[in-house]
Amino acid sequence: MSSDPLVGQLDFDPVALKQKYADERDKRMRPDGQRQYAGTAGKFAAYGRDPWADPDFEREPIRDHTAVIVVGGGFGGLLVGARLREAGVTDVRLIEIGADFGGTWYWNRYPGAMCDLEAHIYLPLLEELDYAPRHRYSYGPELLEHSQRIGKEYGLYEKALFQTSITEATWLEDRQRWLLTTDRGDELTADHMVLACGRQSLPKLPDLPGIDVFRPRTFHSSRWDYGYTGGDSEGDLAKLRDKRVGIIGTGATAIQIVPEVARWAKELVVFQRTPTTVGVRGQCETPADWVDRSQPGWQKTRRENFQSYLLGLRPDKDSVHDGWTETLDVLIPETTAALAHRLGREPSAEELRYFSEINDYKVMNGFREWIQDVVDDPETAEALTPWYRWWCKRPSFHDDYLAAFNRDNVALVDTHGQGVSGFTETAVIVGDEEYEVDCLIFATGFEVAIPYKRLAGFDVTSRGVALSEHWRGQVRTLHGVSTDGFPNLFFVGGNVQTAMAVNAVHLLDELSQHVAYIIAEVRARGASSVEPGPESVDAYVDVIVHSEKNKAAFQFFAECTPGYYNGEGNAKTDEDLFSGGRYGDGALAYYDLLREWREAGGMEGMRFGDLETNEIRG
Ligand SMILES: Cc1cc2nc3c(=O)[nH]c(=O)nc-3n(C[C@H](O)[C@H](O)[C@H](O)COP(=O)(O)OP(=O)(O)OC[C@H]3O[C@@H](n4cnc5c(N)ncnc54)[C@H](O)[C@@H]3O)c2cc1C
């Protein structure tokens, strides 16, 4: 259909495709952006309640001191606890709102839940615990079980406080320690505090007209009501046999839920605003030799190999070899060097951008063709077809999602980009149509890119200044792990000025090792506190703010279909999306930056406090 000296003969028209993408994006743009959602405060409070905890749980308030308090018991908090232990710091207390460890995998027990990355690179501490995941992509129960395994093996249950949330944290300058209060009346002090409150731990709900009068059973996917559906996170949703179930959302969570509910419900109606790109997953049990685990450092090596692929570095061997890397194999068929060789000159930035855009069209055309092959009804297949670039929404991989729409009991209601418009007492309204349901599941995702105070539910105060004030207008960190004026405070997770990482646990592990190193080093030096100097924070923030790669990435996402990657299409800067921006050179460069800083040994940019003299040393 078109030919171009740079990209050769094409069997599609890139100009028409680009226009189609823009039209589809425009259809979905809404002036209220992120405001179309509400969190689990106020009228939605019931949606945030913990279905897995004992509501009658009580305990006496505690007043004591711990070397390190970690807020959050997800993989981030667990990794901090584990890496601290390895560094010789054993007096660690994890505090968690839920009734057990697991974080994401404690809350998200919906049927079909599983990680979307190969388990051998996603699950933390596999090498240390000599554990081999049972499936290529672990299911929710195994992920929760693994969280508990880490808690047990690293002795983190001993001092853990569950069903407890922090209400306030204040730095006591004269005593060089943190004072934390909780909703259970605890008064806890700690030399160091690590915030590992996650990034996607607050459910969000569509605040639509009629939601207050809607009577069918409703719940958010991360607070699954097995009392209503029957079964458990392994399946067997027998109580849905006579029910008409609705699901709002077709993102990464819904992709996993739909095939499970389809198996059990009398009818399933899926309300879609924007289809997700769904590739082949190739789920299977993993034989003992799936990965050669005899090589020391195998998990780190495998994670880095995967990350290299994502960055287009194309190492010699594709160790993980799954939907992610296979897609990237097509997406990045020629490196810049190879393209330069073919052209006989250096390609310009504009040529590279165009080249990658064309490859993206090719990749997405492949996915689009696959939908036509799998989904029988042409109208449904068309509605499930994504019209945007591959990275615009987190790509999904699933073996049963698309085929679920071939079942007689499953219907897709395509809202043509507009979303559900509201509710009557018994029905979901889309445009002029009403859809009666017995039960409605909100697979509507989580609040992201929100300020830390909102995410964690409490503010942190040091020297009379609240962190929310300190960061007003500009998040300030050194390496995304600490900030000036807040001694002995560390951030792990939340993506605050760290790197964009598809493998969130890889990032959490690198951060945990870094924080554990700093805390152990401070203790070894006999200092009472550590904090980055303002000049080192300024320098790091400068790197983030002036990164050309960040600007290019922001431009890319700005042109994408609305979603959480681009603030529902309304983000004004990269900082709007990633809590203060990201390290633009990518995850591997960021990990190198942290490692090299540690290896230099000088704790560059850090200042130490001395309790005896109450002086700060640079
Ligand atoms: C459904 C789902 C699937 C995902 N799948 C993948 C995947 O396949 N691959 C991937 O890389 N990433 C995935 N993610 C991202 C995932 O969140 C990370 O992989 C990782 O589990 C995050 O760990 P975390 O400890 O940083 O945060 P979380 O797991 O969110 O844990 C944070 C914990 O902090 C607790 N907390 C928050 N505030 C307080 C407070 N004030 N007091 C006490 N406790 C508090 C919360 O209750 C929560 O349990 C997924 C996320 C979701 C929601």
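Note that ligands are numbered from 1 as they come in the structure, with each ligand's atoms numbered from 1 the same way.
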Is Asp64 salt-bridged to Arg93, going by a charged N under 4.0 Å from an acidic O? yes
Would you verify whether the NZ or CZ of Arg149 falls within 45 degrees of the ring axis of Tyr131 while also being under 6.0 Å from that six-membered ring's centre? yes
Which atoms of ligand 1 sit under 4.0 Å from any heavy atom of Tyr110? 1 (C)
of all protein heavy atoms, closest to atom 10 (C) of ligand 1 is Tyr122 CE1, 3.2 Å
For Ser165, take its heavy atoms, then give the atoms of ligand 1 lying under 4.0 Å from any of them. 42 (N)
Between Phe101, Trp105, Tyr452, which one has a non-hydrogen atom sitting closest to atom 4 (C) of ligand 1? Trp105
Any atoms of ligand 1 less than 4.0 Å from a non-hydrogen atom of Thr164? List them with their elements. 43 (C)
Is there a polar contact, in the sense of an N or O pair closer than 3.5 Å, between Gly102 and ligand 1? no
Closest protein heavy atom to atom 23 (O) of ligand 1, given as residue, atom name and distance to 0.1 Å: Leu508 CD1, 3.5 Å
Test applied, side-chain hydrogen bond (donor to acceptor under 3.5 Å, both in side chains); reference residue, Glu304; option that passes from Lys300, Gln307, Arg302: Lys300
Within the 4.0 Å heavy-atom cut-off, what Tyr137 brings close to ligand 1 is neither
Within residues 390-402 or reaching into it, pairs that qualify as side-chain hydrogen bond (donor to acceptor under 3.5 Å, both in side chains) - sequence neighbours excluded: Asp116-Arg394
Taking the minimum heavy-atom distance to atom 16 (C) of ligand 1, which of Val492, Thr104, Leu511, Asp100 ranks first? Thr104
Under a 4.0 Å N-O cut-off, is there an ion pair linking Arg83 with Asp509? yes
What residue and heavy atom of the protein are closest to atom 51 (C) of ligand 1, and at what distance? Gln200 OE1, 3.3 Å
Could you check whether Arg476 makes a cation-pi contact with Trp471, meaning its NZ or CZ is under 6.0 Å from the centre of the six-membered ring and within 45° of the ring axis? no
Give the residue and atom name of whichever protein heavy atom lies nearest to atom 8 (O) of ligand 1, and the separation in Å to one decimal. Asp116 N, 2.5 Å
Is it the case that over 12 heavy atoms from other parts of the model lie below 6.0 angstrom from the CD atom of Gln283? yes
Which residues pass the disulfide (SG to SG under 2.5 Å) test with Cys560, not counting sequence neighbours? Cys392
Enclosure of His135 NE2 (heavy-atom neighbours >12, cutoff 6.0 Å): yes
Tell me, with the steps shown, if Arg59 and Asp186 meet salt bridge (Lys or Arg N to Asp or Glu O under 4.0 Å). CA-CA 10 Å; Arg59 64 166 171 78; Asp186 308 310; 2.6 Å; yes
Subset of ligand 1 atoms that lie under 4.0 Å from at least one heavy atom of Arg394: 9 (N), 10 (C), 11 (O)
Hey, does Leu78 sit under 4.0 Å from ligand 1 if you only count heavy atoms? no
Looking only at distance, does Thr253 have an N or O less than 3.5 Å from an N or O of ligand 1? no
If you count the atoms of ligand 1 from 1 in the order shown, which ones are under 4.0 Å from a heavy atom of Cys115? 8 (O)
Does an N or O anywhere in Gly493 fall below 3.5 Å from an N or O of ligand 1? no
Is the contact between Ala196 and ligand 1 made by the side chain, the backbone, both, or neither, using heavy atoms and a 4.0 Å cut-off? backbone
